[in-house]
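Within every chain, numbering begins at 1; the chains are lettered A, B, ... in the order of the sequence lines, protein sequences first and strands thereafter. Please read these numbers as outputs of a predicted model, since none were measured by experiment.
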Number of protein chains: 2
Amino acid sequence: MTRSTKTRATMHDVAREANVSIASVSRFINGQTVREEIEPRITKAISSLNFKPNSAGRALRASKTQQICLSVPDISNPVYQTITKGVQNILNETDYRLMLAPRNMSVEENLALIDSLDSNYADGFIFLSLVDDPRIRKAFLKLSIPAVVIGNVEVHEEVDTIKVSSGAVELALTFLVDKYGGDVLFLNGPTSTIPGRNREKGFLEAMQNRGIDGTKHVVEAESFNVDAGLAALAKVKNISKYRSIICANDLLAAAALRFLSTLKIEVPNKIAVIGIDNTDLASVLSPALTSIDYKSEYRGELAAKFILDRLNDPTTAYRKISIAPELVERESA
Amino acid sequence: MTRSTKTRATMHDVAREANVSIASVSRFINGQTVREEIEPRITKAISSLNFKPNSAGRALRASKTQQICLSVPDISNPVYQTITKGVQNILNETDYRLMLAPRNMSVEENLALIDSLDSNYADGFIFLSLVDDPRIRKAFLKLSIPAVVIGNVEVHEEVDTIKVSSGAVELALTFLVDKYGGDVLFLNGPTSTIPGRNREKGFLEAMQNRGIDGTKHVVEAESFNVDAGLAALAKVKNISKYRSIICANDLLAAAALRFLSTLKIEVPNKIAVIGIDNTDLASVLSPALTSIDYKSEYRGELAAKFILDRLNDPTTAYRKISIAPELVERESA
DNA sequence: TAACTTACTGTAAACGTTTACAGTAGGAAG
DNA sequence: CTTCCTACTGTAAACGTTTACAGTAAGTTA
């Protein structure tokens, strides 16, 4: 059995078969009203020829690709998977397709990505970046399609922005200090990244507010993942002097739980652990991870909505919103 | 500061600026040799006009979109994230872009997806499905672009296929029985899915080989996720009579670990647990999960390679390959 | 009746590329 | 000198849509 090689039917073919003009076919397909009499003829021709409109023709003529590009720094991190899911939730209800951009951990990768968007393969752009740079800001200025930024990367004003308001670490710290006192360790990710920088700042300020110099309470992992977390913790001297650990994301928290379990240090009885992001991971770990919910799925949904709104109506006012983080208490603290 | 609204430069503009024909510009861009003298003129015009080729024009004329569509049944499942990562690894080295299809858990969603591919928005298709159906098989036959199937869904012969060879459960069982004896529980996902069906079959056969009727050793979760796993285990009478549990994927294994930890049943001392997929999750759980590695990232990479090979040379022989699963021993068994 | 309005329809021109084809210039071979 | 070859170039025609515009038929109003 060989596959049929015959070429696909075009709108011309449909028009001929239905004995109407190609314009009428196009109008019918795009939901405009046509003479009642010809409607069934077109429908019949479409199905008998198995016609499907060609995306490229459409994209070229109408300069709309029906594609949204989502940039994801690191697909291994569950927080980005959750955001992706949120974006999908919304796009699936529309006829937009989701393009996943190559990973963009570095400034250069980000620049290449933003640059490539000028090739008109997407109608909108949802931007997530771990890094910040004047060049990124500059590249963004030239971007020819609407964009939404999730996170704290700085770009120009004419962009919708979705942030998490800054009190997340404060929230965690209040909870821990109230319950377990001031001996808190902060396991951060790299401060060369935006979240690393911001979360450290949040921690130091929150400690300051309690009259404590937080600088000696911070250990920095080389990356936001489990291995880096384990490596960083291994360098902490006398870990049992701490009563609790705040981790800059759930993967680092997973590392902390593993590390403590290896040392047979009970969580939360000896040391309490709290994560940030509240990804799916949190409820899977044992003990289940108390974590600061960053509403990632919701942020993804919101980003998709913002893009769609702007594509529908380019004059929509630019929105800069902040989501309030929320502590979700489970077993680890 | 308002964004520039001027329209993008086209190849015509570049040709005019460089004082050559548009054909030469096109040829230069596509890597064909042009007169040495005009090369710098074109390069200069391109950069001064900031020209980027328009994807839609290209796609329409050459009928190549430079896009690969990947279908993912459920983006929440880490195994699909890992496969996606593998696909990305390969595509990132090329100028193909990755399209993530909407989730396709049901037969209808699959059919709609396969149907939509006739709209020519992708050059190749990597197909993953939890479900099987004659209609899917039939729809696949009409597909006009090359496809790779990952998994055991049945389609026609003219498709590259990547499976995991069937001995996975046998592998797990041998390991467990050798170590802990025959009191094994199999925590399966829904048998309405392909993996659910196959893994159950594998389990029953492997038990049969040992002269045991496995049917009473199986409990079926309603879905391949943690909540369903917990619910299913809650219904098992007298769980402590089992010495080990094989779980049909890592999420169900995570559920088992949680369940046992809640009951203060020590793993692996009282009951050993083994997962399937060996996703990132496995090394994060405590105790770290022993799991059957399905080489998901590799399968993703392979799928991408197969598609690219076929796009390069459509006469490539169709490949049907089986990956050998491998047991990765950690703490839980 | 004519004049106007309403509600469509068809023709043809885009959109920005790639590429078949014919053409040309320069050098080598005879 | 002519002929042939090589290596490139430019013209123009696609690819499959959408849409401005002009046209038309039927209905309404005067």
(request) Sort and list the pairs that fulfil salt bridge (charged side-chain N to carboxylate O under 4.0 Å, His left out) and have at least one residue in residues 38-53 of chain A, not counting sequence neighbours. (result) A:Glu37-A:Arg41, A:Lys52-B:Asp115, A:Lys52-B:Asp118

(request) Please report how far the helix from C:dT1-D:dA30 to C:dG30-D:dC1 bends, comparing the axis fitted to its first five pairs with the axis fitted to its last five, to the nearest 10 degrees. (result)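 Between the first-five-pair axis and the last-five-pair axis there is 50°.
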
(message) A:Phe125: which residues meet the ring pair (Phe, Tyr, Trp, His ring centres under 6.0 Å) condition with it, sequence neighbours left out?
(response)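 With sequence neighbours excluded, A:Phe125 shows a ring pair (Phe, Tyr, Trp, His ring centres under 6.0 Å) to A:Phe127, given in chain and number order.
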
(request) To the nearest 0.5 angstrom, please state how far the OG1 atom of A:Thr316 sits from the CG atom of A:Leu308. (result)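 Separation between the atoms: 11.0 Å.
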
Among residues at least two apart in sequence or on other chains, which ones pass side-chain contact (heavy atoms from CB on, under 4.5 Å) with [X]?
X: B:Ser21; result: B:Ala23, B:Ser24
X: B:Asp160; result: B:Val148, B:Phe306, B:Arg310, B:Tyr318, B:Arg319
X: B:Lys138; result: none

(message) With a strict under 4.0 Å distance from non-hydrogen atoms of chain A, what nucleotide opens and what nucleotide closes the contacted stretch of DNA chain C, reading 5' to 3'?
(response) C:dC8 to C:dG16

(request) Go through the structure and list residues passing salt bridge (charged side-chain N to carboxylate O under 4.0 Å, His left out) with A:Arg61, not counting sequence neighbours. (result)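 If we apply the salt bridge (charged side-chain N to carboxylate O under 4.0 Å, His left out) test to A:Arg61, skipping adjacent residues, there are no hits.
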
(request) With sequence neighbours excluded, tell me which residues meet salt bridge (charged side-chain N to carboxylate O under 4.0 Å, His left out) with B:Lys295. (result) B:Glu326

(request) Check each residue of residues 35-42 of chain B for a non-hydrogen atom within less than 4.0 Å of any atom in DNA chain D, then write out the ones that pass by number, or none. (result) B:Arg35, B:Ile38

(request) Specify the residues of residues 20-28 of chain A, ordered by number, for which at least one heavy atom lies under 4.0 angstrom from an atom of DNA chain D. (result)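 Heavy-atom contacts with DNA chain D come from A:Ile22, A:Ala23, A:Ser26.
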
(request) May I ask you to list the residues of residues 48-69 of chain A, by number, that have any heavy atom positioned under 4.0 Å from an atom of DNA chain C? (result) A:Leu60, A:Arg61

(message) Applying a 4.0 Å non-hydrogen cut-off, can you work out what A:Asn30 is touching in the nucleic acid: base, sugar-phosphate, or nothing?
(response)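 Result for A:Asn30 = sugar-phosphate.
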
(message) What I want to check is whether the side chains of A:Tyr294 and A:Thr82 have a donor and an acceptor closer together than 3.5 Å.
(response) no

